[in-house]
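Scroll down for the structure; my scribbles are underneath it.
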Amino acid sequence: MDEPLIKVQSSVGEAHVKANAEGLRVLAERLLELAGSGVRDGHHLHFDAGVDLEDGSSGLVLERDDSL
């Protein structure tokens with residue numbers, strides 16, 4: 001299994017998320033986690049450059065918002 005690689009680049013009005021197959025699986029698992037029953041509104045996950053994301057990435061926050 002490859003190391004998950006995820007890069008987030010942002011510009012005015014757009015965010016680009018690039019990932020290898022393992023990185024996409026990690027993102028999908030986190031989204032399913034947020035969508036799970038028992039997860040409260042406002043729960044969020046942070047992805048930080050150099051830790052969860054490739055160096056030079058913009059930070060990424062995934063948040064559950066049940067008012068949408």
Original post:
Distance from Glu29 atom CD to Leu27 atom CG, nearest 0.5 Å?
Top reply: 9.5 Å

**OP:** Determine whether Leu45 and Val26 fall in the same hydrophobic cluster, where Ile, Leu, Val, Met, Phe, Trp and Tyr are linked whenever their side-chain heavy atoms lie under 4.5 Å apart.
**Re:** yes

Return a table of donor-acceptor pairs under 3.5 angstrom between the side chains of residues 55-63 and protein atoms on other chains or two or more places apart.
unit_1: Ser57; atom_1: OG; unit_2: Val8; atom_2: N; d: 3.2
unit_1: Ser57; atom_1: OG; unit_2: Glu54; atom_2: O; d: 2.9
unit_1: Ser58; atom_1: OG; unit_2: Ser10; atom_2: OG; d: 3.0

Subject >> Donor-acceptor contact present, side-chain His44 to main-chain Gly42, <3.5 Å >> reply: yes

**OP:** Flag the pair Ile6 / Asp52 as yes when at least one side-chain heavy-atom distance between them is below 4.5 Å, and no otherwise.
**Re:** no

Original post:
Within a strict 4.5 Å, meaning less than it, do heavy atoms of the Asp66 and Arg64 side chains meet?
Top reply: yes

**OP:** State whether the side chain of Asn20 and the backbone N or O of Leu5 hold a donor-acceptor pair below 3.5 Å, judged by distance alone.
**Re:** yes

Subject >> Reported CZ-to-CD distance for the pair Arg25 and Glu22, which is rounded to 0.5 angstrom >> reply: 4.5 Å

Listing, residues 30-39 side-chain donor-acceptor contacts under 3.5 Å, not counting sequence neighbours, or none:
none

